[in-house]
Amino acid sequence: MTIWFMTTNRGKVEEARQYFASYGIEVNQFEFEATEPQADDLEIVALSKIEQAIPHLPNSSDMLLVEDAGLFVDSLNGFPGVYSSYVLNTLDVHGILKLMDHLKSDDPIQDGNLRKAEFRAVAILYKDGQTIVSEGVCPGRIAHQAVMGDGFGFDPIFIPTDLDEDGNSLPIGEMGAKSTHGTPFGGIPLEEKQKYSHRHRALEGLLSNLDMLG
Ligand code: ITT
């Protein structure tokens, strides 16, 4: 089984590839320049992209995946949200850190709440004329310093909250069975990021609904 993943982002392809490989599904990057609508909802953006790409699929029986993500910072009223790509290209992660420089506290829980953020992803899979939609969220906070590593995008500055034994995210400040101990995604291996990742959660939702499509 092959899925065409329409994205310009190789980091996203790598994560999807690693996830689907364990199910014997191959992921190929589908290079197609879609026009992104101005909308403040990830699902509207992803739906528009999939509709534009369907006529260009190599075979009409192929599966097509679009997944749109964004970083939503509480104290910035959800900014950069759907504008995450643009903001990363203009301000970069260091610009976000600067914007949040005044948001700090000596109390770790208060600090975490001041810097609260979440990654959200909406994944849409098209197969045989039908679409399934799935969402994934990863709660966390913005670090005080960037940790550059193997990740991409905002990975250097995003610290996920701990997980309980079942892999569910806990509220900020709660110690869980699984933790990055304050290290942002940028400083941990990809296999480790997958346990927390919004993308991983959205793709899991898709897979559990895949039999719906037959
Ligand atoms: P496509 O739209 O072509 O798929 P993109 O890079 O614009 O590629 P998104 O719209 O999904 O991807 O993501 C918006 C921004 O958020 C973009 O700058 C990404 O690098 C960043 N981003 C998305 N997922 C991320 C993740 O898991 N870790 C870090 N940054 C992420």
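Bear in mind the structure is a predicted one, so any value in this text is a computation, not a measurement. Just so you know, ligand 1 is whichever comes first in the structure, and atom 1 is the first atom listed for that ligand.
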Q | Under 3.5 Å: donor-acceptor pair, side chain of Lys12, backbone of Glu67 | A |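 Yes; judged by distance alone, with no hydrogens or angles, the pair exists.
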Q.
Could you check whether any side-chain N or O of Gln52 sits under 3.5 Å from a backbone N or O of Thr35, counting only pairs where one atom can act as donor and the other as acceptor?
A.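 Yes, the answer is positive, given that a donor and an acceptor are paired below the 3.5 Å cut-off.
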Q. Can we say Glu36 and Lys49 salt-bridge, meaning some charged N sits less than 4.0 Å from an Asp/Glu carboxylate O?
A.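 So Glu36 pairs with Lys49 through a salt bridge.
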Q. Tell me, which residues have any heavy atom less than 4.0 Å from some atom of ligand 1?
A.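 Protein residues near ligand 1 are Thr7, Thr8, Asn9, Lys12, Glu36, Lys49, Glu67, Asp68, Ala69, Ser84, Ser85, Leu88, Phe119, Phe152, Gly153, Phe154, Asp155, Lys193, His198, Arg199.
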Q: Please determine if Arg120 forms a cation-pi arrangement with Phe72, meaning its NZ or CZ atom is less than 6.0 Å from the six-membered ring centre and no more than 45° off the ring axis.
A: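 Yes.
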Q) Is any side-chain heavy atom of Gln38 less than 4.5 Å from a side-chain heavy atom of Tyr83? A)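 With C-beta onward as the side chain, the pair touches.
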Q.
Quiz question: by atom type and distance under 3.5 Å, do the side chains of Ser208 and Glu204 form a donor-acceptor pair?
A.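 The criterion, which ignores hydrogens and geometry beyond distance, is not satisfied for Glu204 and Ser208.
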